[in-house]
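Read the structure below first, then the notes.
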Number of protein chains: 4
Amino acid sequence: MEQQRRAGPGRPRSQAVRAAILRAALAELEERGYAALTVEGIAARAGAGKQTIYRWWPSKADVVLDALLDTAAERVPVPDEGSLAADLDAFLAATFRQEGQRAVLTGLMAQSVLDPAFAQAFGERFLAGRRAALRGLLERARARGEVDPGADLDLLVDVVYGTLWYRMLVGHAPLDAETGRRLAALVADAARPRHPG
Amino acid sequence: MEQQRRAGPGRPRSQAVRAAILRAALAELEERGYAALTVEGIAARAGAGKQTIYRWWPSKADVVLDALLDTAAERVPVPDEGSLAADLDAFLAATFRQEGQRAVLTGLMAQSVLDPAFAQAFGERFLAGRRAALRGLLERARARGEVDPGADLDLLVDVVYGTLWYRMLVGHAPLDAETGRRLAALVADAARPRHPG
Amino acid sequence: MEQQRRAGPGRPRSQAVRAAILRAALAELEERGYAALTVEGIAARAGAGKQTIYRWWPSKADVVLDALLDTAAERVPVPDEGSLAADLDAFLAATFRQEGQRAVLTGLMAQSVLDPAFAQAFGERFLAGRRAALRGLLERARARGEVDPGADLDLLVDVVYGTLWYRMLVGHAPLDAETGRRLAALVADAARPRHPG
Amino acid sequence: MEQQRRAGPGRPRSQAVRAAILRAALAELEERGYAALTVEGIAARAGAGKQTIYRWWPSKADVVLDALLDTAAERVPVPDEGSLAADLDAFLAATFRQEGQRAVLTGLMAQSVLDPAFAQAFGERFLAGRRAALRGLLERARARGEVDPGADLDLLVDVVYGTLWYRMLVGHAPLDAETGRRLAALVADAARPRHPG
DNA sequence: TCTTAAACGAGACGGTACGTCCGGTCTTTAA
DNA sequence: TTAAAGACCGGACGTACCGTCTCGTTTAAGA
């Protein structure tokens with residue numbers, strides 16, 4: 001998951017400590033919110049020294065990101081149901097389903113605004129994968145002729161994730177199954193092939 | 001813009017100081033970034049006491065929000081050009097044009113994630129107005145028959161602002177005139193009336 | 001008691017306000033101690049503006065000093081009972097009797113250490129008078145032949161007030177009638193005439 | 001001198017920092033006076049963090065007290081010259097000699113009036129020792145028959161220190177060798193045995 | 001088995017900003 | 001002109017975390 005020390009002399013990194021720290025970070029986050037998260041708090045809760053955290057992670061956000069990536073091992077599978085609308089629908093449904101993580105995700109997005117170094121890590125280690133999955137789904141649909149060849153796939157991806165993130169960040173409207181269905185339909189419709197003439 | 005003290009005894013609030021603080025906040029933000037913004041820094045730059053800031057604003061984010069609302073007095077006008085696509089295009093173009101404010105806006109969004117009290121202020125005093133303007137535009141188009149009567153206008157609004165915010169926050173893709181045109185076309189198309197049968 | 005504005009045009013100084021401020025100062029002092037005394041607190045309690053206090057007194061200590069001098073109008077009378085020991089005894093007894101003022105007096109002494117300007121006021125307006133009274137008592141005794149002509153009267157005065165203040169400040173030993181009697185005897189004895197040869 | 005942390009895990013307290021803080025406190029006190037002494041100023045001058053001061057001392061006065069006790073390691077020796085008057089004379093001379101410390105001592109006394117917690121520390125860690133030394137001197141004189149068996153030794157101690165402190169605090173009269181000699185004589189005379197009959 | 005070296009808990013340390021309090025000054029309206 | 005009210009600048013307070021730095025202790029790999 002991160003830097004792998006070459007096996008040499010010296011005490012090897014403790015996986016138990018790593019796990020304890022990730023667990024503590026998520027627990028603190030859940031209990032007190034992202035804003036109240038501190039390295040000291042995580043260390044205290046994990047029974048670890050602050051130095052141990054600084055040794056392996058550049059910032060508290062990177063700890064949380066690792067925790068997120070660890071638990072998201074049960075990844076959102078990319079559906080393949082034969083039609084774009086159905087695939088999108090399934091994809092969004094699966095995405096919404098793992099939404100106990102709103103606090104984690106919005107916290108990381110906030111952090112990534114405030115800290116360019118973390119923004120890069122967040123983009124590369126989390127966002128890029130999700131975007132790639134959705135783009136792959138659209139590309140397959142394009143190959144099947146369900147998407148206009150001239151369509152701006154990147155824009156379509158951003159429309160989907162943009163809407164998701166916007167609702168998640170602002171919290172003014174629900175992110176439920178019905179919303180997913182409508183959004184899927186909207187995107188599938190916008191992407192449909194245009195028959196010239 | 002905010003709390004209006006009744007004229008009673010006592011020295012009245014100094015508008016000059018208020019303006020100096022807002023100016024200082026924007027200057028600090030531009031020079032050093034949102035993450036490095038501090039109440040102390042704003043006060044020092046404005047030649048004001050910290051207490052004066054705390055007396056009138058609950059947090060530094062509220063200072064920045066006031067600064068934003070003051071300068072955004074030259075509001076994005078809601079265009080009315082006769083067609084939905086043209087209106088959307090003009091609206092998005094106007095929205096993008098005032099993009100010296102990316103740092104301000106993303107900073108405030110980040111803060112609004114971290115501070116629920118500010119989230120409410122941000123939602124009510126900034127986001128709601130923008131959403132209402134766009135919704136009005138869509139409602140007029142619906143009255144003209146350019147939007148399907150059953151369309152989920154709130155979702156359409158979120159698709160537009162979601163895409164904008166997502167690109168603004170993540171910064172992976174441009175927010176230029178061409179992007180605006182494509183997004184306008186996409187939304188206008190998705191909203192078009194469906195003729196049953 | 002302090003500066004007297006010439007009667008001219010304009011609203012005259014309110015004696016009621018002056019009294020309210022002195023009363024408030026003593027009340028605050030008694031309730032919360034000298035250390036917690038603040039100009040703001042006195043003003044608030046007196047229903048006065050801070051400016052009103054600063055207009056008439058250079059510091060909070062001067063307010064307290066005025067309050068002390070006002071209440072000490074029932075001054076310690078200088079006894080004249082015919083013998084030095086008896087006079088001293090009566091003088092000390094009277095001095096001790098007005099010891100509800102320990103907090104006031106020690107507070108002012110502390111302040112006078114910390115603030116040279118107040119030290120002068122305290123010395124001239126309070127300490128000097130007390131010292132003069134005691135010195136007068138000793139001088140009368142010397143005239144009666146009860147005090148050695150070569151005695152250092154200033155030192156004798158300091159021995160008396162020094163012992164008093166020391167016990168008052170440190171609070172390690174009582175300041176009661178018995179102590180007064182012993183101190184009176186000690187000083188009278190030390191001052192007694194020496195018969196050369 | 002103060003709390004001795006058990007040698008456990010963790011970085012041990014830095015004696016160099018402790019010394020720098022005490023030195024800085026005395027330097028600030030000398031340059032700017034006790035009233036202008038601030039924790040912030042001491043920390044800045046010592047190149048230390050404020051937290052480091054608050055970690056080890058409850059108030060700035062305790063810092064100064066530690067500084068005083070450290071430098072006063074070369075304690076006033078208790079003289080033993082064979083006669084009470086000579087002993088007292090030597091004791092007072094030695095006491096006066098270390099009077100670069102008037103600012104320190106009066107500042108601490110003022111603080112001890114304003115802060116009961118510090119008053120206890122001051123009493124136990126400084127005043128008590130001095131009083132005990134002088135009392136010991138008087139007790140030895142009593143054993144030699146130079147002091148009346150019924151004399152109130154505590155009062156005699158207070159007469160000596162009271163006079164000293166009073167002159168030091170009020171500053172109206174000198175504290176020189178001649179004064180010391182007269183005070184020594186006065187006390188020795190007052191303490192002399194009374195032959196009944 | 002002994003040495004070496006890194007990991008680790010603990011906690012001191014220099015900093016920086018926090019949000020609060022109060023000191024003194026000022027600027028208003030009312031008396 | 002005094003007075004109440006209260007805004008204002010300034011400066012220090014005591015606290016919370018940051019990220020770094022010693023300590024003593026633990027745990028493997030290599031000699």
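Chain letters run A, B, ... following the sequence lines, proteins first and then strands; every chain starts at 1. Side-chain atoms are counted along with the backbone in the values below, which use heavy atoms only and exclude waters and symmetry mates.
For the pair Trp57(C) CH2 and dT25(E) P, the computed distance is 16 Å after rounding to whole Å. Rounded to a whole Å, the CD1 atom of Ile21(C) is 11 Å from the C1' atom of dA4(F). Residue Glu40(D) contributes atom CD, which lies 14 Å from atom C1' of dT20(E) at whole-angstrom precision. For the pair Ile53(B) CD1 and dA17(E) C1', the interatomic distance rounds to 13 Å; values are reported in whole Å. The distance from atom CD1 of Ile42(D) to atom C1' of dG14(F) is 14 Å, rounded to the nearest whole Å. Taking atom OH of Tyr54(A) as the reference point, atom P of dA10(E) lies 17 Å away to the nearest angstrom.
The minimum heavy-atom distance linking Ser112(A) with Phe122(A) is given by the pair CB-CD2, 3.9 Å. Val63(A) and Leu22(A) get closest at one heavy-atom pair: O-CD2, 3.5 Å. Nearest heavy atom pair, residue Thr52(C) against residue Ile21(C), reads CG2-CD1, 4.2 Å.
For Arg11(D) and dC13(E), a side-chain-to-base donor-acceptor distance below 3.5 Å is absent, hydrogens and geometry of angles not being considered. With hydrogens and angles ignored, no donor-acceptor pair under 3.5 angstrom links the side chain of Gln51(C) to the base of dA5(F). Judged by distance alone with a 3.5 Å cut-off, a donor-acceptor contact links the side chain of Lys50(B) to the base of dG19(E).
Within the 4.0 angstrom heavy-atom criterion, only backbone atoms of the sugar-phosphate kind lie near Gly47(C); the bases stay farther away. Residue Ala48(C) is classed as a sugar-phosphate contact, given heavy-atom separations below 4.0 Å to backbone atoms only.
No salt bridge links Lys60(C) with Glu28(C); every basic N to acidic carboxylate O contact stays at or beyond 4.0 Å.
A residue-by-residue look at Gly10(A) and Val17(A) shows that Gly10(A) has its nearest nucleotide of DNA chain E further toward the 5' end. Where Gly49(A) and Lys60(C) each meet DNA chain E at their nearest nucleotide, the meeting point lying more 5' is that of Gly49(A).
Dashed line: the shortest gap from a side-chain N or O of Trp56(C) to OP1 or OP2 of dA3(F) is under 4.0 Å. For the OP1/OP2 pair of dA4(F) and a distance below 4.0 Å, the side-chain nitrogens and oxygens of Thr52(C) include at least one atom meeting the criterion.
Judged by the 6.0 Å distance and 45° axis criteria, Arg13(C) is positioned over the aromatic ring of Trp56(C).
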